[in-house]
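Structure first, then comments.
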Amino acid sequence: MNDDSGGERPSVPGSQWYDAEAGPLVRPYAMTGGRTKPGPSNVRFDLIALVVVDDEPPGPAEEALLGPEHRSLLTLCRAETQSVAELAADADLPVGVVRVLLGDLLESGFVRVSRPVPPAQLPDERILREVIDGLRAL
Amino acid sequence: MAYERSESTGAGDGADTSALALKILVAGGFGVGKTTLVGAVSEIRPLRTEEQLSRAGELVDDTGGVDQKTTTTVAMDFGRITIRSGLSLYLFGTPGQDRFWFLWDELSQGALGAVVLADTRRLEDCFPAVDYFEHRKIPFVVAVNCFTGARTYGAHDVSRALDLDRGTPVVLCDARDRDSGKEVLIRLVEYAGRMHTARLLDSVG
Ligand SMILES: Nc1nc2c(ncn2[C@@H]2O[C@H](COP(=O)(O)OP(=O)(O)OP(=O)(O)O)[C@@H](O)[C@H]2O)c(=O)[nH]1
Ligand SMILES: [Mg+2]
């Protein structure tokens, strides 16, 4: 069973995580197994939600069962923390498809997906200051 | 089973352990320079989303009871600016056509702010974008893309012509120029910061 309740997962300050129970999302294509119908409780991953590989992923046997698209997403995530939008652009897949595939990877415990922090909840203004300085230095 | 987890690593602020992503939209009328602007400040990549035409409203008016869902692919501009490891700015250029309004509802959720690009030769093209962000109280700046051959107007004239709320910045820019594009983004982030602070103060009374 899933013992994901409470604060057992190490939480990253400032982010929340989508949980697997939220379920898969819009599933429009064949590579998603023809699944197209989002259920009532489904969350759409934000385009800038960040995807990281789970630190306790399933074993290689389970990974071998993944389809090629799932695996290529996983490879991209391993290289670097990626946003949903970047994964779609890099894998050259439509966003909707990537959302479905990520939903699968999340459910099976390969990845974790962070909810973006709304600007209104930014920890402090220093972040924006940093962004401004960073832009100047570009 | 719960195990103790030492929070000692960077416990103080923890800021560097959490990756932060900020979203900025680039909107404006058809052909006003959105793709050019995103490309000038970041490495641009096309992003495909697929949308059901019926969601776009008026597009399909003659379905005649045929249960046929047409999916269309909408391309957006997408760019990332890495400020530092763990802090990135994501730019989304939204399609200029009115029929893709619905895309904005998703994009604008949680956005730090928006750039509305304007061309003084057809200023009215940016009215919808201005209205959209004003109504949703999303901080935005108007960036006037100074095409060659277009008469140059001052920021004040544009502000008046668009009937902008006081304080909404108007920046003259050249969308092809990286520094100019950076300046637009800087003005937006500064403005968004001021807006958020003001709202915070409001909310505490
Ligand atoms: N002279 C001049 N041309 C520009 C400028 N900005 C953009 N252009 C040109 O104007 C044309 C349209 O620019 P885009 O960046 O594609 O405009 P867009 O807003 O992305 O257009 P859509 O996505 O079709 O709505 C391109 O040919 C650009 O090279 C500018 O500042 N000056
Ligand atoms: Mg464009």
Side-chain angles (χ1 to χ4, degrees), chain A residues 3 5-16 26 28-29 36 44 46-52 80-99 114-138, chain B residues 1-3 5 7 10-11 13-15 17-23 41-42 45-52 69 71 73-74 76 78 80-90 92 106-107 109-113 138-139 178-179 182-183 185-186 189-190 192-193 195-197 199-200 203:
Chain A
D3 60 354
S5 57
E8 287 188 44
R9 286 236 162 176
S11 74
V12 178
S15 359
Q16 303 141 278
V26 189
Y29 282 82
T36 56
R44 266 165 85 92
D46 194 282
L47 281 170
I48 60 164
L50 297 174
V51 186
V52 296
E80 189 192 2
T81 297
Q82 303 255 15
S83 64
V84 171
E86 279 170 302
L87 287 171
D90 289 351
D92 198 24
L93 291 170
V95 175
V97 173
V98 167
R99 285 193 167 114
S114 77
R115 251 176 244 276
V117 182
Q121 286 168 29
L122 279 183
D124 62 78
E125 282 167 60
R126 265 184 322 185
I127 301 272
L128 294 186
R129 189 29 64 193
E130 235 187 301
V131 171
I132 291 166
D133 293 342
L135 281 170
R136 285 227 164 84
L138 272 188
Chain B
M1 54 224 63
Y3 50 91
R5 207 186 150 79
E7 297 292 4
D13 48 26
T17 57
S18 75
L20 213 54
L22 297 170
K23 177 161 62 175
V41 294
S42 65
R45 281 179 284 178
L47 184 66
R48 290 184 288 143
T49 79
E50 58 300 291
E51 302 291 342
Q52 306 229 309
K69 296 230 171 82
T71 301
T73 300
V74 185
M76 285 189 279
F78 167 55
R80 169 183 177 168
I81 299 173
T82 306
I83 301 294
R84 61 159 160 82
S85 155
L87 179 58
S88 298
L89 217 52
Y90 291 94
F92 293 94
E106 172 179 1
L107 278 172
Q109 248 183 57
L112 178 64
I138 294 167
R178 184 174 168 85
D179 284 330
K182 274 163 54 177
E183 192 54 38
L185 295 181
I186 289 168
V189 178
E190 286 173 344
M195 293 282 279
H196 286 304
T197 311
R199 268 179 223 158
L200 213 63
S203 68

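Throughout, protein chains are lettered first and strands after them, A, B, ... in sequence-line order, and every chain is numbered starting at 1. This one's a predicted model, so the numbers in the text were calculated from it and none came from an experiment.
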* Run through A/L135, A/D133, A/L138, A/V131 and flag the one making a side-chain contact (heavy atoms from CB on, under 4.5 Å) with B/I186. => A/L135

Is there a side-chain contact between [X] and [Y] in this structure, where contact means two heavy atoms from C-beta onward sitting under 4.5 Å apart?
{"X": "A/E130", "Y": "B/R84", "result": "yes"}
{"X": "A/L47", "Y": "B/F92", "result": "yes"}
{"X": "A/P116", "Y": "B/Y90", "result": "no"}
{"X": "B/L47", "Y": "A/E86", "result": "no"}

* Structure fact -> Heavy-atom closest pair (A/A89 atom, B/P46 atom, distance to 0.1 Å) is CB-O, 3.8 Å

Side chain / backbone / both / neither for [X] at chain A, heavy atoms under 4.5 Å:
{"X": "B/L185", "result": "both"}
{"X": "B/T197", "result": "side chain"}
{"X": "B/V41", "result": "backbone"}
{"X": "B/M195", "result": "neither"}

* Nearest-0.5 Å distance, CD1 of residue A/I48 to CD of residue B/Q109 -> 11.0 Å

* Identify which part of A/E80 has an atom lying under 4.5 Å from any heavy atom of chain B, answering side chain, backbone, both or neither. => side chain

* Does B/R48 reach the main-chain N or O of A/D92 with its side chain, forming a donor-acceptor pair under 3.5 Å? -> yes

